[in-house]
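Comments concern the structure below.
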Amino acid sequence: MPEPAPTSEQQLVQVQAGGINFADIMSAQGGYPGTPKPPLVAGREFCGIRIVDGQRVMGYAQWGAFAEQVAASPQLLWPVPEGWSAEEGAAFPVNYFTAYFAYWKAGLLDSDGNKSAPRVLIHAVAGGVGTAAVQIGKLLGIEMYGTSSSEEKLARVKTLGLQHGINYKQRDYGEVIKELTGGEGVDAVFEMLGGEHTARSIRCLRDFGRVIVYGAATGQPAQVDARMLYAKGASVHGLWLTYLSAKTELMNQAWKQLSVWTEQGHLRPVIGDVFPLEKAEAAYRLLMERKNFGKVVLKLN
Ligand SMILES: NC(=O)c1ccc[n+]([C@@H]2O[C@H](COP(=O)([O-])OP(=O)(O)OC[C@H]3O[C@@H](n4cnc5c(N)ncnc54)[C@H](OP(=O)(O)O)[C@@H]3O)[C@@H](O)[C@H]2O)c1
């Protein structure tokens, strides 16, 4: 591929590692909104050296990260926290900004200290966004319930602070939520499955609860009958980092908080597997087959 030609508003980064996202898989399958006509270089987050000043940065871009060099907007480049590897830097932007904005959309960033801990159900809790949501939820004092297909994955997320693991292969998560919350339900559900799960997640809510819809890993569009929302005054909110990443003020506010937490050592990306670029296919497959824990990273240099 030719080297990227940065616009006057972009900076070049020598890429060391790239984080793999579900969006990369959907792009390869041709189902991600806005995907340019192939051939194209995939990869939406990375860690590397900014060529203009030699600084270690982690960054977000829509495309082009799985290459020796990427052109990126300086607003979407952040300094790599002290002591982090390139793999950890590459695993940060998508997972942590998305998880942070999920709490923001759920109205749970500033929970009222006098009230009991807000409850959140996190689907795919052992995945990239899921593990980031658990680390942030712990800091916010959230009572967290998380779904996964595997006991082993659930046991590992519990070490990060998840209080209640639900193996959806063994139990109906809606029933478990009912049991564990004394029939009340949760304040928010982070929902990235789509299909029937959006409606099932709405049923898990308590009064005035919110489902934050941010993906469709089942490949099915969310099935929602808005009449379900009348009872309990419930609501469904959309969240898409691609869109929010263009809102500089919002991104800066999020980074202000996230950078404090990373400096204090409270947030650290969970890396499940690292593959060389030549093994990208196997890396994608791991995510598709639900075998990943935390983030899957491609090592470039
Ligand atoms: N809107 C946004 O801005 C945004 C940003 C980032 C990610 N996302 C979305 O969030 C979701 C998670 O993304 P991620 O990159 O962090 O992936 P991930 O959670 O690390 O990996 C996907 C996990 O989802 C679970 N899963 C449940 N049903 C699945 C299915 N039918 N097919 C594949 N996996 C399934 C699997 O875990 P278990 O086996 O443990 O259930 C799998 O390991 C994706 O839907 C993605 O598109 C959206």
Side-chain angles (χ1 to χ4, degrees), residues 18-29 31-35 42-45 60 62 76 90-105 121-136 145-158 160 162 165-171 173 189-198 200-201 211-222 236-247 250-251 254 269-273 283-298:
I20 299 189
N21 287 283
F22 228 83
D24 300 318
I25 294 169
M26 291 162 79
S27 305
Q29 292 170 333
Y32 198 77
T35 307
R44 52 210 304 112
E45 60 183 335
Y60 178 76
Q62 289 303 303
L76 298 175
F92 183 85
V94 172
N95 292 344
Y96 286 85
F97 278 99
T98 304
Y100 181 86
F101 286 134
Y103 285 106
W104 171 64
K105 291 247 76 178
L121 168 61
I122 304 167
H123 286 303
V125 72
V129 177
T131 50
V134 169
Q135 290 181 1
I136 294 175
Y145 306 76
T147 67
S148 171
S149 61
S150 132
E151 287 300 317
E152 191 206 330
K153 286 200 217 176
L154 285 171
R156 288 174 76 181
V157 204
K158 281 193 176 168
L160 300 175
L162 175 73
I166 306 172
N167 183 332
Y168 62 82
K169 293 245 154 147
Q170 292 171 2
R171 295 284 317 271
Y173 59 80
V189 184
F190 297 170
E191 203 288 278
M192 39 49 75
L193 297 163
E196 57 167 354
H197 293 282
T198 316
R200 285 174 66 186
S201 297
V211 171
I212 313 303
V213 173
Y214 70 101
T218 58
Q220 303 298 316
V236 176
H237 298 240
L239 163 56
W240 193 23
L241 188 60
T242 299
Y243 184 75
L244 296 182
S245 65
K247 312 258 173 227
L250 196 63
M251 292 298 286
V270 176
I271 312 286
D273 296 86
Y284 274 44
R285 211 165 280 290
L286 205 73
L287 222 68
M288 291 166 75
E289 292 173 354
R290 313 186 195 192
K291 291 185 181 145
N292 67 303
F293 180 76
K295 195 80 184 177
V296 183
V297 175
L298 282 183

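Numbering of ligands and ligand atoms starts at 1, following listing order. We number each residue from 1, following the sequence as shown. Here the structure is a predicted model, which means the values were calculated and not measured.
Ranking protein heavy atoms by distance to atom 28 (N) of ligand 1, first place goes to L193 CD2, 3.4 Å. Nearest protein neighbour of atom 40 (O) of ligand 1, counting heavy atoms only, is S148 OG, 2.7 Å. At the shortest separation from atom 26 (N) of ligand 1 among protein heavy atoms lies R290 CD, 4.1 Å. Scanning the protein heavy atoms around atom 39 (O) of ligand 1, the nearest turns out to be S149 OG, 2.5 Å. Regarding atom 43 (O) of ligand 1, its nearest protein heavy-atom neighbour is N292 OD1, 2.5 Å. With respect to atom 5 (C) of ligand 1, the closest heavy atom belonging to the protein is T98 OG1, 3.3 Å. Here the protein heavy atom with the shortest distance to atom 3 (O) of ligand 1 is L241 N, 2.6 Å. Of the protein's non-hydrogen atoms, F22 CB, 3.4 Å is the one closest to atom 46 (C) of ligand 1.
For the 3.5 Å distance criterion, the side chains of R44 and T242 qualify, holding a donor opposite an acceptor.
Within ligand 1, counting atoms from 1 as listed, the ones closer than 4.0 Å to a heavy atom of G127 are 18 (P), 19 (O), 20 (O). Ligand 1 places these atoms under 4.0 Å from at least one heavy atom of Y168: 27 (C), 38 (P), 39 (O), 41 (O). Atoms of ligand 1 lying under 4.0 Å from at least one heavy atom of K153, given by number and element, are 37 (O), 38 (P), 39 (O), 40 (O), 43 (O).
Proximity of Y96 to Q135: side-chain heavy atoms (C-beta onward) are separated by under 4.5 Å at one or more points. A 4.5 Å side-chain heavy-atom check between E191 and Y214 finds every atom pair outside the cut-off. Side-chain contact between N21 and N95: present, with at least one pair of heavy atoms (C-beta onward) separated by less than 4.5 Å. Residues F190 and V213 form no side-chain contact, since every pair of their non-hydrogen atoms from C-beta on lies 4.5 Å or further apart.
Salt bridge status for E45 with K295: present, with a side-chain N to carboxylate O gap under 4.0 Å.
The two residues V297 and A91 have their closest heavy-atom pair at CG2-CB, 4.4 Å. Nearest heavy atoms, Q62 versus S245: NE2-OG, 4.4 Å. When every heavy atom of K105 is checked against every heavy atom of G238, the shortest pair comes out as CD-O, 3.4 Å.
The six-membered or imidazole ring of Y173 lies near that of H123, with a centre-to-centre distance under 6.0 Å.
Between S245, G128, G194, it is G128 that holds the heavy atom closest to atom 20 (O) of ligand 1. Nearest-residue assignment for atom 10 (O) of ligand 1 (options F97, F293, F190, Y214; heavy-atom criterion): Y214. Atom 24 (O) of ligand 1 has its nearest heavy-atom neighbour, among A99, A124, G238, in A124.
With a heavy-atom cut-off of 4.0 Å, H123 does not touch ligand 1 at all. Proximity of L239 to ligand 1, defined as any heavy-atom pair under 4.0 Å, is confined to the backbone N, CA, C and O atoms.
Inclusion of I20 in the set of residues having an N or O under 3.5 Å from an N or O of ligand 1 is not warranted.
In E289, the CD atom is crowded: over 12 heavy atoms of neighbouring residues, nucleotides or ligands sit closer than 6.0 Å.
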